Amino acid sequence: MDPRVKGIELKLKNVRRIIPIVSGKGGVGKSLISTTLALSLKELGFEVGLLDLDFHGASDHVILNSPISELPDEEKGVIPPVVHGIKFMSIVYYSTDKPTPLRGKEISDALIEILAITRWDQLDFLIIDMPPGLGEQLLDLIRFIPRGEFLIVSTPSPLSVNVVEKLVALLKEGNHRILGIVENMHAGNNLTEEMAERMRIKYLGEIGVCDEIDSLIGEPESIMLSDFGKNLKKVAERIVSGDRPR
Amino acid sequence: MDPRVKGIELKLKNVRRIIPIVSGKGGVGKSLISTTLALSLKELGFEVGLLDLDFHGASDHVILNSPISELPDEEKGVIPPVVHGIKFMSIVYYSTDKPTPLRGKEISDALIEILAITRWDQLDFLIIDMPPGLGEQLLDLIRFIPRGEFLIVSTPSPLSVNVVEKLVALLKEGNHRILGIVENMHAGNNLTEEMAERMRIKYLGEIGVCDEIDSLIGEPESIMLSDFGKNLKKVAERIVSGDRPR
Amino acid sequence: MHEWALAEGIIGTAIEYGKENNANEIVKIVIVLGELQDVEQEILEFALTQLKKDTIAKNAELIFEEERAVFRCRNCGYQWNMKQSEKELTEDIREDIHFVPEVVHSFLSCPKCGSRDFEVVKGRGVYIKEMVVR
Amino acid sequence: MHEWALAEGIIGTAIEYGKENNANEIVKIVIVLGELQDVEQEILEFALTQLKKDTIAKNAELIFEEERAVFRCRNCGYQWNMKQSEKELTEDIREDIHFVPEVVHSFLSCPKCGSRDFEVVKGRGVYIKEMVVR
Ligand SMILES: Nc1ncnc2c1ncn2[C@@H]1O[C@H](COP(=O)(O)OP(=O)(O)O)[C@@H](O)[C@H]1O
Ligand SMILES: Nc1ncnc2c1ncn2[C@@H]1O[C@H](COP(=O)(O)OP(=O)(O)O)[C@@H](O)[C@H]1O
Ligand SMILES: [Mg+2]
Ligand SMILES: [Mg+2]
Ligand SMILES: [Mg+2]
Ligand SMILES: [Mg+2]
Ligand code: NI
Ligand code: NI
Ligand SMILES: [Zn+2]
Ligand SMILES: [Zn+2]
């Protein structure tokens, strides 16, 4: 028997809402949106955690410019370091940002381990940055955290829409909760909005192409002040809707 | 014993060069580059195959606007249908472009099966479009096709460079062959070129941001005529260098 | 007849194994046929018989064993078989699966809880279970 | 002491299992400690002893078994153990692995062929091997 599965449940007991940021497609802005959304919710007064589950393509520590050379403190579990006001956990603390050539079974094991030892304690929101694909991380989240509320990200490219639509179909078929879709790098066409309508999910708004974003990586305060940050705050408010910090 | 492993070797016997298009990072243009590179090599007179191994995010059939409702012919194996002059194989012929929620072991099995049954026969180049990540597809290619010549793709974003550098480190450490790196969506900074220098791999050229590319998806002839296509032809020529069609 | 490709793998593997073990001849090959992939024994046997001519496997006895497919749900643990999924497995879908058994995940889900996260425990496809060389 | 979190999982699992089986008490828990994760038995035992108080596991006997780590290369098939990788496994790296055993793939490679594509066959981490309820 794997005692870690029960461990996951216990560790997330006091986390009010869990929001995995998913797409199926890579490079659509999941990591930038995860990080900026976490910072936005913090700004609105909530207690926020951010978990980077994209083991092969971990990015949130780069966006946050978070130090990773020291191990998180141990105290009846692992305490996620507070970075820019949010509790942040990533495999990079342990892999020291070296390549992690993990196969599926290993990804699943690492994911379960991290969820079973991280002490989020009281949180209003846990934002989970997900890898592309429909693989282990997605299937494991569905399995171990059925109450996750998925936030879908797509760009207006037909290549993105084709892949994202499959993810949405899969989530809908399994009756999983979908908060809605955010269109990133909006570019004039309506492909994403039409897909949202076709799939009957909420269109939560668009983020335009923000030319300066790459130069702001590592400076989260500047990201928050950029057009990207401003647009994302609106998305954050829509997600929060009536909710108030406890 | 798994007879398919030997099958792979036999099926690739008459394929002269095998070029997996990799990045580690998603959304950097691997699929657009794979497809356009295959078409460019064809234009140069070579016999070309294109294999889409990104099972969760299969895109090449969308770019090529290739029909997928009919199964490829069976004849002492499976004959990859010829699309725009190139032999094209993808899991979508069999999944009928429905969502394929596969875990690692299953990805590996599907990959081995497809490689073991597809009859490429005589080819000058087999281009393999790879998924993001350092997972099953990458590890299996390394294992089953050690003679692959990896073509790396990155964008100038620090988020891309951080991930791509890990992939390159992994490939170099294992003494795998690296053709070089293509910078896509070039944007003024030198991060990719500097990384190429730091990692001692060849910088094969840049492709600028091509605003019309999304509107050309599904029209490969138009892609070939676009700035994207023109830039990629230069990359193709660099890859071919002295090689001539047989 | 994509079975020919599978047969090439089998004979190729047998010969390689024989050589590695300095065998003069391959006496017997036991081949398991998984129910999911639904490979026709006669077709495979025909291809194998053609391919083993003029090799050290030319006199090899070919033995076939069928293996029933068993699926297990990773979500609820339920186990089931092909018969129970008969309705979903139309002829078209069976043919897709015949080529790439993993696409079964695009078409089936757990009959009990509906999850797509299931495992093919047994009966996936073709493999060599045993070989006798001399 | 992140062992506390592991202990919570173990006691939580044991109690749940007990309830599902309508048990009055948990008599015994056999816990395997994989060498790779290097969990200290005393610390884990202390945490378990604290956590089982006032539960149906309060009198449970705790039995620990060590499991040696075995690695196998997927590329060349070579099998090896921790001792053979002693040099690579500095104290810092051992600590990283203590928290997330999979990061061993960032630090080790096959001693024979150099491949990073290896499997932890045995001795990965902590699991419950056996439980006796009444
Ligand atoms: N709104 C935007 N405007 C311009 N570029 C963006 C925008 N959002 C994302 N990007 C670009 O896309 C790249 C990928 O973003 P990232 O958050 O890493 O995506 P993912 O996590 O989905 O792979 C970034 O490096 C950045 O260059
Ligand atoms: N040179 C380019 N200029 C503008 N957009 C591009 C360019 N290359 C790629 N893109 C955009 O990036 C997206 C991802 O490309 P794709 O080939 O699917 O990447 P990958 O296969 O690496 O995920 C495309 O949908 C397209 O919108
Ligand atoms: Mg990301
Ligand atoms: Mg792609
Ligand atoms: Mg069909
Ligand atoms: Mg360290
Ligand atoms: Ni067939
Ligand atoms: Ni510890
Ligand atoms: Zn089920
Ligand atoms: Zn090895």
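All heavy atoms count here, side chains included; hydrogens, waters and symmetry mates do not. Treat the numbers as computed from the prediction; the structure is a model and nothing was measured. Residue numbering restarts at 1 for every chain, and letters A, B, ... go by the order of the sequence lines.
Of the two parts of Lys30(B), neither the backbone nor the side chain holds a non-hydrogen atom closer than 4.5 Å to a non-hydrogen atom of chain A. For a residue to count as touching a neighbouring chain, one of its non-hydrogen atoms must lie under 4.5 Å from one of that chain's; by this rule Asp97(B) touches chain A with backbone and side chain alike. Proximity to chain A is absent for every atom of Ile213(B), based on heavy atoms less than 4.5 angstrom apart. Using a 4.5 Å cut-off between heavy atoms, Ser108(B) touches chain A through its side chain atoms alone.
In this structure, Leu102(B) and Glu136(A) have side chains that are not in contact, with every pair of non-hydrogen atoms separated by 4.5 Å or more. In this structure the side chain of Ser59(A) never reaches within 4.5 angstrom of the side chain of Asn162(B), judged on heavy atoms. Contact check for Glu173(B) versus Pro99(A): no side-chain heavy atoms found under the 4.5 Å cut-off. Pro101(B) places a side-chain heavy atom less than 4.5 Å from the side chain of Leu139(A).
The shortest non-hydrogen separation linking Val163(B) to Ala58(A) is CG2-O, 4.3 Å. Here the closest heavy-atom approach between residue Ser157(A) and residue Ile217(B) is recorded as OG-CD1, 3.9 Å. Contact between Leu134(A) and Thr100(B) at its shortest, heavy atoms only, is CD1-N, 3.9 Å.
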Evaluate the salt bridge (Lys or Arg N to Asp or Glu O under 4.0 Å) criterion for residues Arg103(B) and Asp140(A): first the C-alpha distance (whole Å), next the side-chain angles of each, then the deciding distance (0.1 Å), finally the verdict. CA-CA 10 Å; Arg103(B) 284 185 178 261; Asp140(A) 281 337; 2.7 Å; yes

Would you check, one step at a time, whether the test side chain to side chain contact (heavy atoms under 4.5 Å, CB included) holds for Leu32(B) with Leu159(A)? CA-CA 10 Å; Leu32(B) 275 163; Leu159(A) 294 181; 4.2 Å; yes

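Contacts with chain B were tallied for Ser160(A), Gly218(A), Gly133(A); Gly133(A) has the most, counting heavy-atom pairs under 4.5 Å.
Heavy atoms from other residues, nucleotides or ligands lying under 6.0 Å from CD of Glu70(A) number 12 at most. Counting non-hydrogen atoms of other residues, nucleotides and ligands closer than 6.0 Å to NZ of Lys105(B) gives a total of 12 or fewer. Crowding of Arg200(A) atom CZ: a count of heavy atoms from other residues, nucleotides or ligands under 6.0 Å not exceeding 12. Within 6.0 Å of atom NZ in Lys202(B), 12 or fewer heavy atoms from other residues, nucleotides or ligands are found, so the atom counts as exposed in its surroundings. Heavy atoms from other residues, nucleotides or ligands lying under 6.0 Å from CD of Glu197(B) number 12 at most.
Here the straight-line distance linking atom NE2 of His56(A) with atom CG of Leu167(B) works out to 10.5 Å at 0.5 Å rounding.
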